[in-house]
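Numbered from 1 within each chain, the chains take letters A, B, ... in sequence-line order. Note that the structure is a prediction, hence the values are computed from the model and not measured.
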Number of protein chains: 2
Amino acid sequence: MKDMNTRERILETAIELFAKHGFNDVSVRDITGAVGIKESSLYNHFKSKQQLLDEIFNYLDREFSGMSIPEDEAAKLIEVMDPAQFMDMCIMNFKMYFGKPRLIKIWRIVSIERFRNARANEFFTKNLVDYPLLYQSKVFEAMIKKGIMVNADPKVLARAFYSFILFIYMRYFEVDSSEYSITEADSPEAVNPVDSPEIQEMIKGHMDFLRRAFTV
Amino acid sequence: MKDMNTRERILETAIELFAKHGFNDVSVRDITGAVGIKESSLYNHFKSKQQLLDEIFNYLDREFSGMSIPEDEAAKLIEVMDPAQFMDMCIMNFKMYFGKPRLIKIWRIVSIERFRNARANEFFTKNLVDYPLLYQSKVFEAMIKKGIMVNADPKVLARAFYSFILFIYMRYFEVDSSEYSITEADSPEAVNPVDSPEIQEMIKGHMDFLRRAFTV
DNA sequence: GTCTATACTCTGATAGAC
DNA sequence: GTCTATCAGAGTATAGAC
């Protein structure tokens, strides 16, 4: 925080507090108090409290702008991976993605605000649920055609895999996140719930189950 | 609403509005305005706005008080059911449970408030996630012992089944619930998203997949 | 039990001096 | 760009007449 300018410090503090208490339960006074400036000073950097949330979502937008599905990516992937390897990769990506303290906080804001905020709802539905399912079902479809995966509806298989990941997110990131994900902005190495032994074992168990079920 | 006394009308209206906008975004004025009384009149029936939420959660508590696990229920169940029939029963229960308009609204309140409210968080974690998983894994364990289910960790199997149910809840009850579940208090037959053809097909697909994967 | 009137607090936001 | 001072509005809640 020390090396940030005031605007950045306001934004980081807002992310921290919104992730902890939700947008509505954090006042401009709370934010500026934590930053160490007066309320009115915030308005030299942001035109309103709402703009803080907008900027946070803009950042998420930018993070996701690079995530489109190249039509031929599935074809490339199946040349070097079997279903189990692909799923391991997905979990690695998930861990890396939600291992970034800043992103995990922003996703928690999305989770909290999705019932009130249309943009948060869209992020959640599209980027956290529907897009991954679509991507995985395309890869699975290609693997079925190649004959290295059981012949079934690829969408069903994608849901069998990814609904478990969402379960982990819902149960251990959203619900228990006060325990894990909300860390001081100054401590870069946040404890990732996925790294805990119990969840590692849950994931391993599920992967073993799916490896068997997905085999031809 | 016509045949209710004022206290009941206030409570039903509060459930309706909290489910739509969340506790914080509904004012006492909103509630009393919808009921057709003055703000101050509410305090003849409830000592505070907070008490409204408490009463709603008390109702949920009562609904769940009858739901304990008899130690021998799993034994009884497996005498008459195979894994597929048991899972169908679970889904039926889920549909019936979330088909009641009042309960679906209250669960939406739980989903919204669980990030802020410790009691809501506990309801969600215990009654919606952990308890069903425990119950199912016990039944699956008995079925494995009986030899009518694949020999695997029953907890893994329960998660494979129930994380999909939670996915349906998360994706179609929570996220899209403005479309389906929030109905006028006067219309008793709320449209249940689970009854839609798409979701019926998702469930059927997943059940076919699991029937095969759970077979010895 | 319902009303009118009002108290008090907190909110986001602005004006203008420095 | 930060401060002091201030504002209007909305929030929950209470007192007391009817």
Side-chain angles (χ1 to χ4, degrees), chain A residues 1-59 106 109-110 112-113 115-120 185, chain B residues 1-59 109 112-113 115-120 185:
Chain A
M1 289 285 263
K2 286 280 166 63
D3 54 339
M4 293 175 181
N5 62 33
T6 305
R7 191 193 144 91
E8 285 167 342
R9 277 162 57 218
I10 292 170
L11 204 55
E12 289 308 308
T13 304
I15 290 172
E16 190 75 19
L17 293 176
F18 291 164
K20 260 186 190 147
H21 310 110
F23 181 76
N24 273 317
D25 281 20
V26 174
S27 67
V28 172
R29 280 164 176 75
D30 292 332
I31 298 168
T32 55
V35 172
I37 55 172
K38 292 293 168 188
E39 294 100 276
S40 55
S41 299
L42 182 140
Y43 295 93
N44 286 315
H45 305 279
F46 301 91
K47 74 176 234 289
S48 67
K49 183 191 171 191
Q50 181 60 44
Q51 201 204 331
L52 287 169
L53 192 59
D54 293 340
E55 295 285 341
I56 292 167
F57 288 160
N58 288 344
Y59 171 79
I106 295 178
I109 297 171
V110 169
I112 299 175
E113 299 304 324
F115 298 97
R116 266 174 270 246
N117 184 299
R119 207 171 163 198
Chain B
M1 290 285 263
K2 285 281 166 62
D3 54 340
M4 293 175 181
N5 62 34
T6 305
R7 191 192 144 91
E8 285 167 341
R9 276 161 60 217
I10 291 170
L11 204 54
E12 289 308 307
T13 305
I15 290 171
E16 190 75 19
L17 293 176
F18 292 164
K20 260 186 189 146
H21 310 111
F23 180 76
N24 273 316
D25 281 20
V26 174
S27 67
V28 172
R29 284 191 236 285
D30 291 333
I31 298 168
T32 54
V35 171
I37 56 172
K38 292 293 168 188
E39 294 101 279
S40 56
S41 298
L42 182 140
Y43 295 94
N44 286 315
H45 305 279
F46 300 91
K47 75 174 234 289
S48 67
K49 183 192 171 191
Q50 181 60 43
Q51 202 204 330
L52 287 169
L53 193 59
D54 294 339
E55 295 286 339
I56 292 167
F57 288 161
N58 288 344
Y59 172 79
I109 296 171
I112 298 175
E113 300 304 325
F115 297 98
R116 266 174 272 247
N117 184 300
R119 207 171 164 197

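- Counting to the nearest Å, the C1' atom of C:dT11 and the CG atom of A:Asp25 are 12 Å from each other.
- Of the listed nucleotides (C:dA13, C:dG1, D:dA13), D:dA13 has the atom at the smallest distance from the side chain of B:Ser48.
- For the pair B:Ile31 CD1 and D:dA10 P, the computed distance is 17 Å after rounding to whole Å.
- With sequence neighbours left out, B:Asp25 forms a salt bridge (charged side-chain N to carboxylate O under 4.0 Å, His left out) with A:Arg116.
- The distance between atom CG of A:Leu53 and atom P of C:dG12, rounded to the nearest whole Å, is 13 Å.
- Atom CG of A:Leu42 and atom C1' of C:dA13 are 10 Å apart (whole Å).
- By the salt bridge (charged side-chain N to carboxylate O under 4.0 Å, His left out) test, A:Glu39 is found to be paired with A:Arg29, residues two or more places apart in sequence or in another chain being considered.
- OP1 or OP2 of C:dT11 has at least one side-chain nitrogen or oxygen of A:Ser27 nearer than 4.0 Å.
- Regarding contacts with the backbone of D:dT14, every side-chain N or O of B:Tyr43 stays at 4.0 angstrom or more from both OP1 and OP2.
- Looking at heavy atoms from C-beta onward, B:Asn117 lies in side-chain contact with B:Phe57 at the 4.5 angstrom threshold.
- Atoms CZ (A:Phe46) and C1' (C:dT14) sit 18 Å apart, rounded to a whole Å.
- Computed from coordinates, the B:Leu52 CG to D:dG11 P distance equals 15 Å when rounded to whole Å.
- Here B:Lys38 pairs with B:Ser40, B:Ser41 under the side chain to side chain contact (heavy atoms under 4.5 Å, CB included) rule; sequence neighbours left out.
- A search for side chain to side chain donor-acceptor pair (under 3.5 Å) contacts involving B:Ser27 returns B:Asp30, not counting sequence neighbours.
- Of all heavy-atom pairs spanning B:Leu53 and B:Ile109, the tightest one is CD1-CG2, 3.9 Å.
- When the side-chain nitrogen and oxygen atoms of B:Arg29 are compared with OP1 and OP2 of D:dG11, one or more of them lie within a distance under 4.0 Å.
- Computed from coordinates, the A:Arg7 CZ to D:dG1 P distance equals 10 Å when rounded to whole Å.
- Scored by the side chain to side chain donor-acceptor pair (under 3.5 Å) test, A:Glu8 finds no partners at all (sequence neighbours excluded).
- The stretch residues 33-41 of chain B touches DNA chain C through B:Ile37, B:Lys38, B:Ser40, B:Ser41, each having a heavy atom within less than 4.0 Å of the strand.
- Put simply, CG on B:Asn24 is 13 Å from C1' on C:dC10, counting in whole angstrom units.
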